[in-house]
Amino acid sequence: MARHLITSAIPYINGIKHLGNLVGSQLPADLFARYQRARGHEVLFLCATDEHGTPAELAAAKAGKPVADYCAEMHAVQAEIARGFRLSFDHFGRSSSPQNHALTQHFAGRLAEAGLIREVVEKQVYSVKDGRFLPDRYIEGTCPNCGYDKARGDQCENCTKQLDPTDLIDARSAISGATELEVRDTKHLYLRQSALKDQLDTWIDSKTDWPVLTTSIAKKWLHDGEGLRDRGITRDLDWGIPVRKGDADWPGMEDKVFYVWFDAPIEYIACAGEWAEANGLSEEDWQRWWRMDKGADDVRYTQFMGKDNVPFHTLSFPATLIGSGEPWKMVDHLKSFNYLNYDGGQFSTSQGRGIFMDQALEILPADYWRWWLLSHAPESSDSEFTWENFQSAVNKDLADVLGNFISRITKFCSSKFGEVVPGGAGYGEPETAAISEIETRLKRYEAQMEAMEVRKSAQELRAIWVCGNEYLQTVAPWTTFKTDPEAAAAQTRLGLNMAHLFAVLSAPFLPDASQKILASLNVDKPIWPDDPTTFLDRLGPGHTFAVPEVLFAKISDEDREAWQERFSGQRTG
RNA sequence: GGCGUUAUAGCUCAGUUGGUUAGAGCGAACGACUCAUAAUCGUUAGGUCGGUGGUUCAAGUCCACCUAACGCCA
């Protein structure tokens, strides 16, 4: 039994994510986690919310709530939606957890001891009235370029020009409106990533099985221009993890917090600690997943993320781990995704364009979205969501091919033999042929799932469903029944066993539908069909079942048009 | 303006290290079946692989230039 540590990129706290975000990390990670569990492996699947930083503070201010309260509420909302999509996290943590505070401070301390932190004095805008330094985007004023009077210190939203806070005319604090601003010296910490460049380079080179997309991004950051640059890891904010050197104070850094990019990936580890705590487990129980010296040497660690996150996972986070000098588990496999486009443009959180996770669940059950998104995952390049494509794929694949198969075989059996698996003859030549075909495809399905080839896995799974319809069409038990009921009984028996097989194989993609089929077939402990020949004989004569409700309703043209209309503009509420 | 990505049948996409008649699903046409959610199964049609030139015995697959779309940065 292998051990799989699986993490999905952690979604930012300020609002509900769209389907592009979902398919870019959480959903394929869930597919992989469910598959590995189904194969009987030990899995720890972790995700969390990324809660620190300026956008969280701004969103909280906009909502008129203390930032801690806002984050707690949004975490609950995101957790609920994740459950709605059947994302099977072993724990859905928070980067603001006590565990992450402690661990982030611990790493900073280790890095400082190793001489990998340097202090830099910078000039930054200070608001006397607010009594604090202001991040660039907390400063408003008139744009020197276009005259827009609500330009921010980092960029003018009106003319999109990049700005420095000192460029603004009549600059004021976005918090209080105070105009008494001055530029003061402030001290920040930088992680000396450049000192780790060679070690990172060697480490990347050892990952010969990584996709080119991934290694080329990493290599580009390592070698372009001056090479890997040091990065600031602190900020002048209230909301975040206080800068400390392990357990000790960090002189001169009293009012600072760590920058969100530094503490967010550390949450992958801290989340395991949260998981242990939530389940009444010990330190050792989570450390055996993360510490090479405490049992993690046989763990296979896979990360899922969108392509924009690759540099953080291939360089910044590994720099933290390597720099600590401690034996932390490093990522083995890194699966990155491109972007999903929406009807000719991009999904956009800031512009409210596209379909958001909560809205998706309002109109259709999770399985519909899971199937379409996974079978069209943007793996090799960006891919495109259109309502027409969604409608036809869902109707054809789910309703016609899988749903109808379950329906026709259970109803046929029910009408001729009752709701019980019939006995009759043994399997003959057509049965052997069908089973052999399924076996071939099953091996391919398993290989694609192991390789995390999401689209190809979906394709192969669908082909397996088709085998069922093909078999029924070939042997035609409804005709056989008229002349040879014994043979028809055997054909029906295999059909029902195929339904069982399909349910088990489909579970990673379609957890709800799979569960419904298994329930109607009276199977409570599904096992993986390592040997299809014996598996397709598991439901023996006399085993009872019940005809299930229709598994997948079709999407009508009217529905599609209504949704197309509803989601054509910006999200309003 | 710089960098990068993409450009394959009507649509959404596969095409490993260059090698026989370029593939899948949907859609279309025709046929079979009637157990089933007017579902299913089979057959067929459809592409000078964005354009031009080059390397090679051989290029969708490598190189150069061009065009278009998109993305990142400035």
Side-chain angles (χ1 to χ4, degrees), chain A residues 20 155 160-163 208-209 211-213 216-217 219-221 223-225 306-308 310-311 336-348 371-417 430 434 437 441 444 447-448 451 453-463 465-482 488-489 491-492 495-496 498-499 513 547-556:
Chain A
Q155 183 179 33
T160 74
K161 187 174 172 60
Q162 307 274 320
L163 301 170
T208 51
D209 57 342
V212 189
L213 177 70
S216 66
I217 292 174
K219 284 286 179 181
K220 191 184 164 201
W221 281 57
H223 299 297
D224 265 19
K307 62 182 171 187
D308 53 326
V310 170
S336 64
F337 290 83
N338 290 285
Y339 295 138
L340 179 68
N341 290 323
Y342 179 72
D343 259 339
Q346 287 186 307
F347 274 89
S348 166
W371 176 252
W372 190 89
L373 290 168
L374 290 168
S375 61
H376 293 77
E379 293 182 290
S380 56
S381 64
D382 293 357
S383 67
E384 171 94 3
F385 176 93
T386 67
W387 284 99
E388 288 80 3
N389 187 303
F390 177 68
Q391 178 194 23
S392 77
V394 162
N395 287 353
K396 192 73 190 172
D397 299 346
L398 297 185
D400 294 348
V401 176
L402 176 61
N404 182 53
F405 174 80
I406 302 300
S407 191
R408 69 195 293 206
I409 188 60
T410 52
K411 285 186 180 173
F412 176 77
C413 183
S414 172
S415 73
K416 303 300 183 200
F417 304 101
E437 167 80 8
R441 292 195 176 279
R444 283 211 286 257
Q448 302 289 18
E453 290 284 352
V454 178
R455 302 174 82 125
K456 288 178 181 171
S457 299
Q459 224 171 61
E460 208 54 61
L461 176 60
R462 194 196 120 104
W465 299 338
V466 167
C467 289
N469 284 313
E470 208 176 304
Y471 169 73
L472 287 188
Q473 210 63 35
T474 307
V475 299
W478 46 90
T479 305
T480 318
F481 186 76
K482 295 170 189 164
Q491 293 164 353
T492 305
L496 289 168
M498 284 178 168
V547 174
E549 297 291 306
V550 166
L551 283 175
F552 302 101
K554 291 200 189 191
I555 297 171
S556 69

Visitor: In whole angstroms, how far is the P atom of rG10(B) from the CG atom of Asn389(A)?
Guide: 16 Å
Visitor: Does rA28(B) have a Watson-Crick or wobble partner in any strand here, with both distances under 3.5 angstrom, and which is it?
Guide: rU44(B)
Visitor: Grab the CH2-C1' distance between Trp371(A) and rC26(B) for me, whole Å please.
Guide: 13 Å
Visitor: Can you check whether Val475(A)'s main-chain N or O pairs, donor with acceptor, with Thr480(A)'s side chain at less than 3.5 Å?
Guide: yes
Visitor: With no hydrogens and no angle check, do the side chains of Lys307(A) and Asn338(A) hold a donor and an acceptor under 3.5 Å apart?
Guide: yes
Visitor: Under 3.5 Å for both donor-acceptor distances, Watson-Crick or wobble: does rC62(B) have a partner, and if so which one?
Guide: rG54(B)
Visitor: Quote, to the nearest angstrom, the P distance that separates rG42(B) from rA58(B).
Guide: 41 Å
Visitor: Atom NZ of Lys456(A) and atom C1' of rG25(B): how far apart are they, to the nearest Å?
Guide: 15 Å
Visitor: Tell which nucleotide pairs with rU34(B), taking only Watson-Crick or G-U wobble pairs whose two distances are both under 3.5 angstrom.
Guide: none
Visitor: With under 30° as parallel and over 60° as perpendicular, where do the rings of Phe385(A) and Trp387(A) fit, or are they tilted in between?
Guide: perpendicular
Visitor: Between atom CD in Gln448(A) and atom C1' in rG15(B), what is the gap in whole Å?
Guide: 13 Å
Visitor: Rounding to an integer number of angstrom, what distance separates rG60(B) and rA9(B) when you compare their C1' atoms?
Guide: 14 Å
Visitor: If you compare every side-chain N and O of Arg462(A) against the phosphate oxygens of rC26(B) (OP1, OP2), does one of them come in below 4.0 Å?
Guide: yes
Visitor: In whole Å, I'd like the distance from the CD atom of Glu384(A) to the P atom of rG71(B).
Guide: 12 Å
Visitor: Would you confirm whether Glu379(A), through its side chain, and Arg455(A), through its main-chain N or O, come within 3.5 Å as a donor-acceptor pair?
Guide: yes
Visitor: Using O4'-C1'-N9-C4 for purines and O4'-C1'-N1-C2 for pyrimidines, with syn meaning within 90° of 0, is rG46(B) syn or anti?
Guide: syn
Visitor: Give the rounded distance in Å between these two atoms: CD of Glu388(A) and P of rG27(B).
Guide: 14 Å
Visitor: For a quick check, with a 4.0 angstrom heavy-atom cut-off, what is the B/S/- contact string for nucleotides 33-40 of chain B, read 5' to 3'?
Guide: SSBBB-SB
Visitor: Among Lys416(A), Arg408(A), Gln491(A), which residue meets the side chain to side chain contact (heavy atoms under 4.5 Å, CB included) test with Trp478(A)?
Guide: Arg408(A)
Visitor: For Asp397(A) and Trp465(A), which I'm curious about, is there any donor-acceptor pair between the side chains at under 3.5 Å?
Guide: no
Visitor: In Watson-Crick or G-U wobble terms, both distances under 3.5 Å, what is the partner of rC13(B)?
Guide: rG23(B)
Visitor: Look through every strand shown and name the nucleotide pairing with rG1(B) as Watson-Crick or G-U wobble, where both distances are under 3.5 Å.
Guide: rC73(B)
Visitor: Considering all heavy atoms of both residues, which atom of Phe347(A) and which atom of Leu340(A) are nearest to each other, and what is their separation?
Guide: CD1-O, 3.2 Å
